[in-house]
Undergrad: 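Here it is: the structure, laid out below.
Just so you know, these numbers use all the heavy atoms, side chains as well, and skip hydrogens, waters and symmetry mates. The model shown is predicted, which means the values in this text are computed figures rather than measured ones.
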Amino acid sequence: AAATREWVARLESVSRDARKVALAAPCALLWSRAASWAAALGNASVARHFAQIAGSVVDFICLVKRVDSVPALSAAVDVARGDAALCADERRVALRHFQNALRLNPECATAACGLGEVLLRAGRSVEAAAAFARALARQG
């Protein structure tokens with residue numbers, strides 16, 4: 001547990017002090033992946049917290065680059081937020097995030113798989129099967 005806290009503190013420090021987009025982009029991806037892992041472990045509050053940090057780092061990148069969005073990173077953050085919402089059984093929120101991730105990055109297999117999971121839990125098995133097929137097609 002202490003090692004995990006130390007790792008999180010270091011990652012937060014790097015995220016806060018990032019002066020270059022080259023450093024911030026991997027941080028955003030790490031935070032979004034950490035959120036997905038926390039969701040997979042069933043810890044929705046930690047997953048939400050990590051997804052929020054990932055979103056803040058993406059906002060930082062957008063500010064520095066003076067762009068409206070960084071689609072691939074924004075999609076990764078939406079996937080993390082979708083995972084966190086799914087973990088908390090907030091299907092409508094999860095659906096919105098996975099759909100937005102696919103809008104930003106249509107090739108995102110993880111978002112397609114998350115969408116399939118939401119649809120399956122909602123009893124929409126035909127649509128879920130299509131989403132899972134989409135995810136498999138993107139896996140290569």
Undergrad: Kindly indicate whether the side chain of Leu115, heavy atoms from C-beta on, has any atom under 4.5 Å from the side chain of Phe132.
TA: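 Result no, sub-4.5 Å side-chain heavy-atom pair not found.
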
Undergrad: Taking all non-hydrogen atoms of both residues, which atom of Ala128 and which atom of Gly116 are closest, and how far apart?
TA: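 Nearest heavy atoms, Ala128 then Gly116: CB-O, 3.4 Å.
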
Undergrad: Could you tell me whether a side-chain N or O of Arg81 sits under 3.5 Å from a main-chain N or O of Phe98, the two making a donor and an acceptor?
TA: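 A pair under 3.5 Å: no.
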
Undergrad: Between Ala111 and Ala101, what is the shortest heavy-atom contact and its length?
TA: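 So the two residues come closest at CB-CB, 3.7 Å.
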
Undergrad: Should Val79 and Leu95 be regarded as members of a common hydrophobic cluster, given that ILVMFWY residues are connected when their side-chain heavy atoms come within less than 4.5 Å of each other, either directly or indirectly?
TA: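 Same cluster.
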
Undergrad: Indicate yes or no: at least one non-hydrogen side-chain atom of His97 is less than 4.5 angstrom from one of Val77.
TA: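 They are not in contact (no side-chain heavy atoms under 4.5 Å apart), so the answer is no.
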
Undergrad: Is a donor on one side and an acceptor on the other found under 3.5 Å between the side chain of Arg91 and the backbone of Leu86?
TA: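 No, because the side chain of Arg91 does not come within donor-acceptor range (under 3.5 Å) of the backbone of Leu86.
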
Undergrad: Between atom OG of Ser74 and atom CG of Asn100, what is the distance when rounded to the nearest 0.5 Å?
TA: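 If we round to the nearest 0.5 Å, Ser74:OG and Asn100:CG are 8.0 Å apart.
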
Undergrad: For Glu90, is there an ion pair with Arg96 - N to carboxylate O distance below 4.0 angstrom?
TA: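 Between Glu90 and Arg96 there is no salt bridge, as every charged N stays at least 4.0 Å from the carboxylate O atoms.
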
Undergrad: If you compare all heavy atoms of Ala84 against all heavy atoms of Arg48, which two are closest, and at what distance to 0.1 Å?
TA: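 Nearest heavy atoms, Ala84 then Arg48: CB-N, 3.7 Å.
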
Undergrad: Could you note down all residue pairs passing side chain to side chain donor-acceptor pair (under 3.5 Å) where residues 106-115 supplies at least one of them, sequence neighbours left out?
TA: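 Residue pairs passing side chain to side chain donor-acceptor pair (under 3.5 Å), neighbours aside: none found.
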
